[in-house]
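Below, each value reflects all heavy atoms present in this structure, side chains not excepted, and no hydrogens, waters or symmetry copies. Each chain gets a letter, A, B and so on, in the order the sequences are listed, and its residues count up from 1.
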Amino acid sequence: MKADPSVTARPRTRRAVSVTFRYVLLGIMAVIIGFPIYITVVNSLLSAPQIAARPPTLFPLHPMWGSFATAFNQAHLGIYLRNSMIVTVLIMVAELLTSILAGYAFACVRFPFRRTIFMLCIATLMVPMEATIVPNRQTIVELGWFNSFPALIVPFLASGVGIFLFRQAFLGVPRDLHDAARLDGYGHFRFLTRIAVPLNRPLIGAFALYAFLSAWNQYLWPLIVTETNGVRTVQIGLRQLQALNVDQTNVIFAGTLLAALPIFVLLLIFQRQLVRGLTAGALKG
Amino acid sequence: MIPDRNRSRKWREALLGYLWVLPALGVFAVFVFYPLGKAVWLGLYRTPPFPNLASKYVGASQYGSVLSSAPFLHSLERTVLFVIFTVPAGIVLGIALAALANQRLAGIRVFRTVFSSTVATSTAVASVIFFTLLDPQVGLFSYWLGKRGGTGILQNPTLALPAVSVVTLWQNIGFTFILMSAALQSIPDELLDAARIDGAASWFRFRSVTLPLLSPTVFFAGVVGIIGSFQAFGQIDLLTQGGPNNHTLVLIYYIYQAAFTNNNYGLAAVLSVALFLILLILTLGQFWFLERRVFYGRES
Amino acid sequence: MAGVAREFPDLTGEAGEVMTDQGKISAVALDRVSKRYGDVEAVCDLTLQAEPGELLVLLGPSGCGKSTVLRLIAGLESPSEGTVRIGTQVVNDVDPKDRDVAMVFQSYALYPHLSVRRNIEFPLRSRHFPSNERGELVLRVAKSLQIEHLLDRKPAQLSGGQRQRVALARAVVRRPAVFLLDEPLSNLDAQLRIEMRAELVEMHARLRTTSIYVTHDQTEAITMGHRIAVMHDGRLQQVGTPRAVYEQPANAFVAGFVGNPPMNILPAHITSGTANSGGAAGVVSANFLGGEIALGAEHSVALRGFSSDEVLAGVRAEHLSPDPEGTIHATVSLVEELGDYQQLACRLGTGQLVTARARSGAGTFATGDAIALAVVGEVHLFDPVTSQRIGS
Ligand SMILES: Nc1ncnc2c1ncn2[C@@H]1O[C@H](COP(=O)(O)OP(=O)(O)O)[C@@H](O)[C@H]1O
Ligand SMILES: [Mg+2]
């Protein structure tokens with residue numbers, strides 16, 4: 001009752017063919033998607049004339065690291081990165097604080113008009129920042145904050161997304177835990193800091209990542225409220241960098257890598273929060 | 001005595017509540033609600049053609065004239081085209097990549113890393129890289145596309161918007177890929193196993209089981225993508241600045257130009273209100289749709 | 001005892017397939033099959049056959065490899081070694097959809113986006129049945145499982161028991177040659193589980209499709225299976241009729257796993273009746289449970305080939321009863337009233353717990369009573385090293 005070998009052999013080869021086919025497809029897509037970053041790395045290690053030479057160099061046999069130093073110092077990437085870091089970290093921390101406090105208040109503290117005020121906060125999700133830039137810039141000018149860190153930070157000290165997410169999370173903390181903590185003499189503040197926050201650490205991580213990424217990648221707002229290198233963020237710095245001469249293309253490429261590096265490292269560290277962090281804006285998530 | 005103590009405790013609690021929502025509320029008041037109202041109000045005033053003249057109250061007429069004007073309709077058309085170029089292709093590509101990378105093959109992690117790598121870039125990073133690669137003099141892509149010297153792709157009226165769209169697509173693909181991969185992995189293996197035993201060939205399985213189960217995520221990606229494309233500013237500013245010949249002058253860039261290049265605040269305000277209303281409708285539509293249809297899997 | 005419940009079609013020669021008026025009925029045979037996931041050996045050198053038309057139950061604790069066996073038969077996994085045969089064909093490289101098997105999953109695996117009707121129809125659609133035939137088949141199977149009023153609902157709108165029926169309907173609708181069920185009742189409440197057990201057995205009697213039924217519940221196995229295959233750690237322990245497995249467990253694991261309450265298995269020391277211990281041949285006695293007991297003459301022969309005096313002895317609760325003459329002294333620590341008899345958990349002088357039964361005629365007992373127990377039925381002996389049964 002041995003099976004005819006040809007019957008069993010055919011699927012084997014067919015499987016091998018299909019596996020090869022999949023690798024080919026994967027390879028093509030990887031080259032298309034990966035190439036821009038790859039060539040950026042390569043070009044950052046070449047000299048400007050080498051970059052312009054044809055046929056192009058696709059592999060740097062004698063890498064030169066000098067363009068990174070030039071980008072960091074002469075092209076001010078160092079300052080831009082510092083500014084971005086200051087602005088982003090402050091926004092992230094402040095958003096976490098205001099969102100956790102407000103989210104907790106909306107979930108667990110009783111006060112008149114709680115629902116109405118909460119609806120107001122949620123309504124902010126419907127107002128994109130892009131629709132209010134004109135009056136907001138006037139406000140900043142009137143406050144005397146034009147071209148300063150407060151202009152970059154203060155408008156983002158609160159987040160409708162964060163309030164919504166944390167309210168949901170705190171509503172999910174079991175009633176029994178509240179009661180048990182009350183019996184132990186815990187007030188709201190101690191319950192929040194000792195129980196509610198530690199219980200929701202994954203969400204806090206995901207939201208922190210989301211807040212960091214959104215703040216770091218801002219472009220339009222920093223563009224219209226800054227005008228000197230001392231306060232420019234790195235995204236706007238890239239705009240300055242792009243204007244560099246063709247004899248400095250290697251510096252341009254090196255600069256974009258420097259600008260992307262912090263986020264790259266961050267994403268590597270926070271891989272587990274990545275999906276939730278990236279989709280935190282999706283209020284159903 | 002006791003009712004009094006109770007009441008004072010209630011007030012203390014309420015006070016704490018107000019105190020904790022106050023910071024957020026204050027920021028929203030100053031930077032969301034006030035400017036929104038002010039934008040509507042600014043739209044009622046016509047900005048004079050020369051600086052230092054007083055703005056003139058024209059009532060709702062400015063809304064009517066701007067929203068029916070050729071430049072506004074042009075910018076709207078450009079925006080919708082941009083959405084059409086970026087969103088559907090992004091989703092299809094994202095699903096295809098996720099399906100391709102969601103297999104048990106040796107070395108698949110490398111491919112996954114490459115496919116998700118563009119999340120580490122920002123709009124500005126992506127734009128500057130592509131701008132340099134598309135430079136008509138030294139750009140590698142210009143060379144490969146046979147466009148060396150002469151007008152570059154970004155300076156070509158027909159090619160500029162597609163080029164900006166490709167850059168946007170590339171920059172978003174990492175996000176879409178990660179989103180779709182997570183959704184694919186959340187489909188229970190047993191369902192696909194059941195379909196295999198039930199006799200479904202791989203394409204039928206994909207179409208009749210995988211794709212319907214992905215639909216909430218597809219819908220989410222669609223809405224996020226459309227809203228994102230309406231707000232896309234950085235790539236326009238860095239790649240084409242609305243040009244050539246206004247061919248990439250999308251709504252948001254039109255607002256920016258009106259306000260900060262031409263100082264026409266009245267016009268910018270009207271356009272801002274229009275943008276707000278469009279996005280509002282999209283967002284409300286999203287909520288409505290999510291409530292209704294997509295979450296079939298949940299018990300209720 | 002052999003050949004219990006063998007009313008299904010007789011095998012002629014080695015055909016492995018029988019045609020009935022219902023369609024094709026195939027045997028399933030695994031020959032020296034192993035499956036490894038990296039370092040984990042989920043299934044190890046398994047040889048097992050399900051005869052055409054048989055209801056074979058795979059029984060074992062969670063994680064012992066039962067699901068893996070089903071997945072190997074279904075073709076969702078391919079074996080690391082060995083061959084899988086369905087009917088007369090070696091199917092190692094045959095795609096699941098071409099194996100003519102159907103499977104019911106523990107979680108039911110209903111397609112959440114499709115209505116009940118479309119779920120049941122799915123295997124027909126993917127096999128391109130014409131639509132009028134589809135509708136008729138779905139209706140017929142829905143009627144037989146009493147779910148025709150649910151056809152237009154989505155799975156999320158069904159109760160657990162209803163989902164179970166839909167999953168069954170989807171599996172039987174196209175009359176597969178082999179029917180695989182992976183713990184199909186484990187998500188149901190106790191009452192429903194007993195009902196569905198009966199229904200499944202009735203359905204099998206009607207369809208006569210070769211079925212392999214996986215469960216970790218020994219009661220389910222004993223009540224449903226024509227034969228039971230007990231697995232442990234990826235290895236087959238014993239195959240046989242429920243009665244054979246219960247009455248002659250092949251090793252200490254099977255003895256302890258099959259039966260409720262589990263068999264009392266404790267070390268015993270042979271004191272006389274064997275070559276080593278001296279005494280009259282034919283009468284074996286042992287020190288067991290702290291008392292001296294006599295073992296049946298049948299053990300004398302078996303123990304002759306056994307080199308040590310240390311064995312594992314097992315006795316079922318119904319074979320251990322209070323008896324004023326008994327040699328085993330214990331204290332009652334828990335009494336369970338079970339109608340005809342009392343089930344007693346008894347603490348021995350050595351601190352170990354054993355379960356015994358007292359017929360209602362034999363007096364009543366209460367917690368704390370000091371009693372004497374006697375072995376009133378068969379004692380099973382196992383090799384303490386290999387844990388294999390000694391003797392027949
Ligand atoms: N895909 C897999 N990868 C790695 N290990 C697996 C996989 N499937 C099953 N196993 C392992 O194989 C063993 C048997 O699993 P399974 O067949 O599911 O057991 P059962 O169904 O009897 O509970 C378990 O130890 C399990 O962890
Ligand atoms: Mg299992």
Side-chain angles (χ1 to χ4, degrees), chain A residues 19 22 25-26 29-30 33-34 36-37 39-40 51-52 54 56 98 101-102 104-106 109-112 114 117 121 124 126-128 130-132 134-136 139 155 157-158 163 188 217 219-220 224 235 238-239 241-242 246 249 252-253 256 259-260 263-264 267 274-275 278-279 282 284, chain B residues 13-14 16-18 20-21 23-25 27-28 30-32 35-36 38-39 42 97 100 103 105 111 114-115 117-125 128-133 137-138 140 143 170 173 175 178-179 182 220 231 233-234 238 252 259-260 265 268-269 272 275-276 279-280 283 290:
Chain A
V19 166
R22 285 170 196 187
L25 270 183
L26 281 165
M29 293 318 294
I33 290 166
I37 292 177
I39 199 69
T40 301
I51 294 172
R54 297 293 176 258
T98 59
L101 283 179
Y104 182 85
F106 286 129
V109 182
R110 280 156 201 266
F111 55 93
R114 182 168 75 162
I117 300 174
C121 290
T124 63
M126 312 276 171
V127 186
E130 284 74 10
T132 53
V134 179
N136 271 340
T139 306
L157 290 186
I163 291 173
H188 281 301
N217 289 336
Y219 185 85
L220 177 55
I224 62 175
Q235 309 298 330
L238 285 171
R239 194 180 197 239
L241 192 74
Q242 178 179 273
V246 282
T249 30
I252 298 179
F253 284 115
T256 57
I263 297 298
F264 187 72
L267 293 182
L274 186 61
V275 174
L278 288 176
T279 55
K284 284 280 165 174
Chain B
E13 167 140 354
L16 179 101
Y18 288 125
W20 284 9
V21 300
L25 212 57
V27 173
F28 290 150
V30 178
F31 291 103
V32 179
L36 188 63
K38 192 173 175 189
L42 277 175
L97 287 179
L100 204 57
Q103 312 182 55
L105 289 176
F111 292 104
V114 173
F115 295 161
S117 63
T118 72
V119 280
T121 67
S122 63
T123 307
V125 167
V128 171
I129 290 175
F130 275 85
F131 183 81
T132 316
L133 291 172
Q137 310 305 321
V138 299
L140 183 59
Y143 168 71
W170 180 80
I173 197 65
F175 171 73
I178 289 170
L179 192 66
F220 167 68
Q231 296 171 331
F233 175 82
L238 288 163
I252 180 76
F260 306 116
Y265 292 117
S272 299
L275 178 68
F276 165 65
L279 292 178
L280 182 68
T283 320
L290 282 178

TODO: Applying side-chain contact (heavy atoms from CB on, under 4.5 Å), name anything that partners Leu101(A), two or more places apart in sequence or on another chain.
DONE: Leu192(A), Trp20(B)

Task: Minimum heavy-atom distance Tyr143(B)-Pro56(A), with the two atoms named - done: CE2-CD, 3.7 Å

Task: Side-chain heavy atoms of Phe111(A) within contact of Leu16(B), under 4.5 Å - done: no

TODO: Considering only heavy atoms and a distance below 4.5 Å, find which of Gly34(A), Ala30(A), Ala105(A) pairs most often with chain B.
DONE: Ala30(A)

Task: Winner by heavy-atom pair count (cut-off under 4.5 Å) against chain B, out of Thr98(A), Ile51(A), Ile163(A), Thr256(A) - done: Thr256(A)

Open item on the list: For Leu241(A) versus Ile252(A), what's the shortest heavy-atom pair and its separation?
Closed with: CD2-O, 3.5 Å

Task: Proximity breakdown for Ile129(B) and chain A, heavy-atom pairs closer than 4.5 Å - done: both

Task: Side chain / backbone / both / neither for Leu26(A) at chain B, heavy atoms under 4.5 Å - done: both

Open item on the list: At a heavy-atom distance under 4.5 Å, which candidate from Pro112(A), Pro155(A), Ala260(A), Ala259(A) has the highest pair count against chain B?
Closed with: Pro155(A)

- [ ] Side chain from CB out, backbone as N, CA, C, O: work out which of these in Phe253(A) comes under 4.5 Å of a heavy atom of chain B, or both, or neither.
- [x] side chain

TODO: Check whether Leu25(A) gets within reach of chain B through its side chain, its backbone, both or neither, counting any heavy atom under 4.5 Å.
DONE: both

Open item on the list: Counting only non-hydrogen atoms closer than 4.5 Å, does Ala182(B) touch chain A with its backbone (N, CA, C, O), its side chain (CB onward), both, or neither?
Closed with: side chain

TODO: Can you see which heavy atom on Val138(B) is nearest to which on Thr249(A), and at what distance?
DONE: CG2-CG2, 3.9 Å

Open item on the list: Counting only non-hydrogen atoms closer than 4.5 Å, does Leu238(B) touch chain A with its backbone (N, CA, C, O), its side chain (CB onward), both, or neither?
Closed with: both

Task: Flag if over 12 foreign heavy atoms under 6.0 Å of CZ, Phe264(A) - done: no

Task: Contact class of Ile173(B) relative to chain A, heavy atoms under 4.5 angstrom - done: side chain

Task: Residue pair Thr121(B) / Trp170(B), side-chain heavy-atom distance below 4.5 Å - done: yes

Open item on the list: Is Leu36(B) close to chain A through its backbone or its side chain, or both, or neither, when contacts mean heavy atoms under 4.5 Å?
Closed with: both

TODO: Start with the C-alpha gap between Phe111(B) and Met29(A), add the side-chain angles, then the distance that decides, and say whether side-chain contact (heavy atoms from CB on, under 4.5 Å) holds.
DONE: CA-CA 9 Å; Phe111(B) 292 104; Met29(A) 293 318 294; over 6 Å; no

Open item on the list: For chain B, which candidate among Asn136(A), Val109(A), Val134(A), Val127(A) shows the most heavy-atom pairs at distances under 4.5 Å?
Closed with: Asn136(A)

Task: Contacting region of Leu140(B) [heavy-atom separation from chain A under 4.5 Å] - done: both

Task: Flag side-chain contact, heavy atom, 4.5 Å: Tyr18(B) against Ile117(A) - done: yes

TODO: Return the option, out of Asn217(A), Thr124(A), Leu267(A), with the maximum number of heavy-atom pairs under 4.5 Å with chain B.
DONE: Thr124(A)

Open item on the list: With a 4.5 angstrom heavy-atom cut-off, is it the side chain or the backbone of Val27(B) that approaches chain A, or both, or neither?
Closed with: side chain

Task: Geometric class of the Phe260(B)/Tyr265(B) ring pair [parallel <30°, tilted 30-60°, perpendicular >60°] - done: perpendicular

